[in-house]
Every structure is written in structure tokens, then in C-alpha cells.
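So the structure is just underneath, and the comments pick up after that.
Hydrogens, waters and symmetry mates are skipped; everything else that's a heavy atom, side chains included, is used.
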Amino acid sequence: MQIIIKGGLHTKNSPKNTKDSVLLALESSRVDGVLLNVQMTKDNKLVVAIDNRLYHCSISENNYIDLMKYNLGSKVKKHTVILLEEVLKLYQNSSQKLILEISLCNNPKELVEQLAFLLNQYQPVNSYITTPLKEIVIYAQNSLKNSKVGASILNQNSDLWNLDLDFYIVNPNSLNTREIAKNVKDQKIIMLELMSRRQVNEILLLNHNLFENQLFWIINEFTEQQEN
């Protein structure tokens, strides 16, 4: 089973979704990849941020240079919002997985086009693109030929299960383990987000055709692996 760390590895003075947290994950032998959320600024720059808000500021309504004034770190060490381009430079030629999640945005087609442009510039990158939105999944499938494209499943009735994708991200808050096992497709990667070890083992027991190398376990901290 492969371990994916959400937002990178943080320290006291280097929070998640910063360049330092991404570097720490990239250099760790315990990590197989990171999951980062991608947002687009008013001037069409792609940045890493958990959602569209940076403190009380809307990312999509501000230019990148205006977002640089916000300190995401501490008084000891300043961190500013990171461009996705900087992450791609770090992950170029790396075997680690770079999972990029696209959520609701004002112009999804433009975002996917910008993403395709950047990924083409920094090949090879072991990239996985995911979204809970069918419209963006279709854009991504048509535009991102060098990436694996998947979907984030938000509820058990999602029609995204019916699309032939490279992988699916599921969360125990959206599907129970039996529903997940029932929908698992042969040779498809399943990414389990923020599940306990007990839930992961239950999925493996319910589906004997699912091998551990098909499972990616998305966690916030390494201590989560010890939960029952």
C-alpha cells in the first residue's frame, strides 16, 4: 500500500501547502506521494491552496502578486502561497506521485488548459489529476494526456463511478466500506482518504481481487496509521 500525505509534511514553522512541506515529503523515504489542491488566481496563475480562501482573501479575485503579502508561516519563518510551477519543478523526474485536486472554480476549462500547459513543460512528472466535478473530469481526460485522471467520489450515488477513469478517491464520510468494495473495478487504483487502518483492512477483506499495490492511503499525519 502506498502512502500519500495531504498537503506535504509540515513542521512548527513550515505549514502544509508550502514549498518546505512539499520538499520534506519529497525527501522522505516514508512517503510515496503528496496530494495538493490547485486554485487559479485572477491573473490565471495556478497556486497550491486548500481552498479558494487565503485568510479573508479570495484567491480567484486577486492577482498572484497581491497574494504574496500574506504570511502562511510564522514570525520565525515566512511562507507565501506557492505557484504550482514551483512544485512541478521539484517533481520533475521524480518517481513520487503528485496528486492534484481541482475543486469548484470560476473557469474550469481555463484552469485545465493552464494545467496542461505547465505539465507539458515539466515532463516527466508522475501526476494524477482528480476532481469531484464531472465537467472537469471530461476536460482533464481530453487535455491531460501525460497524467492519470481520476475522480473524487462525494456520495454513493455519484455517476463518476461509471466513468472509465484511472483511479477513484473515496472518503469514509461519503461511502461506507461495503459500498467502496462493491464499486471497485479490476486493475483500477483506489485512493482511500483519511481512513483508519481498520477501515482499510475491511476493504481488503471485502474485495479479494483488490491488491495492496492498487491502494493509495491518503493521510494527514503518519500517526493516523496507528489508529484502530
Handout entry: Test log, rule side-chain contact (heavy atoms from CB on, under 4.5 Å), inputs K134 and D159
Key = CA-CA 8 Å; K134 188 174 182 178; D159 61 353; 3.4 Å; yes

Partners of [X] by side chain to side chain contact (heavy atoms under 4.5 Å, CB included), sequence neighbours excluded?
X: N52; result: Q39, S58, I59, S60
X: N71; result: K78
X: E101; result: L35, N37, S103, T130, P132, S152
X: I82; result: K19, V48, E86, V87

Exercise for the section: Please determine which of L111, L88, L83 meets the side-chain contact (heavy atoms from CB on, under 4.5 Å) test together with L46. Expected result: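 In the set L111, L88, L83, the residue that makes a side-chain contact (heavy atoms from CB on, under 4.5 Å) with L46 is L111.
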
Linked, directly or transitively: [X] and [Y] (ILVMFWY side chains, under 4.5 Å):
X: I50; Y: L24; answer: no
X: I136; Y: V170; answer: yes
X: V137; Y: W161; answer: yes
X: V47; Y: I65; answer: no
X: Y168; Y: W217; answer: yes

Closest heavy-atom pair and its distance - [X], [Y]:
X: L67; Y: C57; result: CD2-SG, 3.6 Å
X: E85; Y: Q121; result: OE2-OE1, 4.3 Å
X: G73; Y: P15; result: CA-CD, 3.9 Å
X: T41; Y: N62; result: CB-O, 3.3 Å
X: A25; Y: V31; result: O-CB, 3.7 Å
X: N220; Y: I5; result: O-CD1, 3.4 Å

Sidechain-backbone polar pair: [X] side chain, [Y] backbone, donor-acceptor under 3.5 Å:
X: N17; Y: A49; value: no
X: S21; Y: T18; value: yes
X: Q92; Y: V125; value: no
X: K16; Y: G8; value: yes

Exercise for the section: Could I get the full list of side chain to side chain donor-acceptor pair (under 3.5 Å) partners for N120, not counting sequence neighbours? Expected result: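 N120 satisfies side chain to side chain donor-acceptor pair (under 3.5 Å) with N146 only.
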
Are [X] and [Y] close enough that some pair of their side-chain heavy atoms sits under 4.5 Å apart?
X: K89; Y: Y122; answer: yes
X: Q2; Y: K97; answer: yes
X: I3; Y: R30; answer: no
X: N126; Y: S94; answer: no
X: L84; Y: L100; answer: yes
X: L119; Y: L144; answer: yes
X: L133; Y: P108; answer: no
X: I129; Y: I102; answer: yes

[X]: what forms a salt bridge (charged side-chain N to carboxylate O under 4.0 Å, His left out) with it, not counting sequence neighbours?
X: D20; result: K77
X: K69; result: none
X: D51; result: none
X: E110; result: none

Handout entry: More than 12 heavy atoms from other groups under 6.0 Å of CG on N106
Key =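 Counting other residues, nucleotides and ligands, CG of N106 stays at 12 neighbours or fewer.
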
Practice task
With side-chain contact (heavy atoms from CB on, under 4.5 Å) as the test, would you mind laying out the steps for V34 and L98 before giving the verdict?
Solution key: CA-CA 5 Å; V34 297; L98 177 61; 3.7 Å; yes

What distance do [X] atom [atom1] and [Y] atom [atom2] have between them, rounded to the nearest 0.5 Å?
X: D166; Y: L163; atom1: CG; atom2: CG; result: 11.5 Å
X: I4; Y: I218; atom1: CD1; atom2: CD1; result: 7.0 Å
X: L23; Y: L90; atom1: CG; atom2: CG; result: 5.0 Å
X: N63; Y: D43; atom1: CG; atom2: CG; result: 4.0 Å
X: L115; Y: S147; atom1: CG; atom2: OG; result: 6.5 Å

Handout entry: ring-ring contact (aromatic ring centres under 6.0 Å, His included) partners of residues 64-117, not counting sequence neighbours, each pair once
Key =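 Sorted pair list: Y55-Y70.
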
Handout entry: Test: K6 and E193 ion pair at under 4.0 Å
Key =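 Here K6 pairs with E193 in a salt bridge, since their nearest N and O are under 4.0 Å apart.
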
Practice task
List in chain and number order the residues that pass ring pair (Phe, Tyr, Trp, His ring centres under 6.0 Å) with Y128, two or more places apart in sequence or in another chain; answer none if no residue qualifies.
Solution key: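 Y128 satisfies ring pair (Phe, Tyr, Trp, His ring centres under 6.0 Å) with F167, F216 once adjacent residues are dropped.
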
Exercise for the section: Answer yes if the side chains of Y139 and E113 hold a donor-acceptor pair under 3.5 Å, and no otherwise. Expected result: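 Per modelled atom types, Y139 and E113 side chains form no pair under 3.5 Å.
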
Problem - Other ILVMFWY residues reachable from V76 by side-chain steps of under 4.5 Å - result: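 Members besides V76: none; it forms no cluster.
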
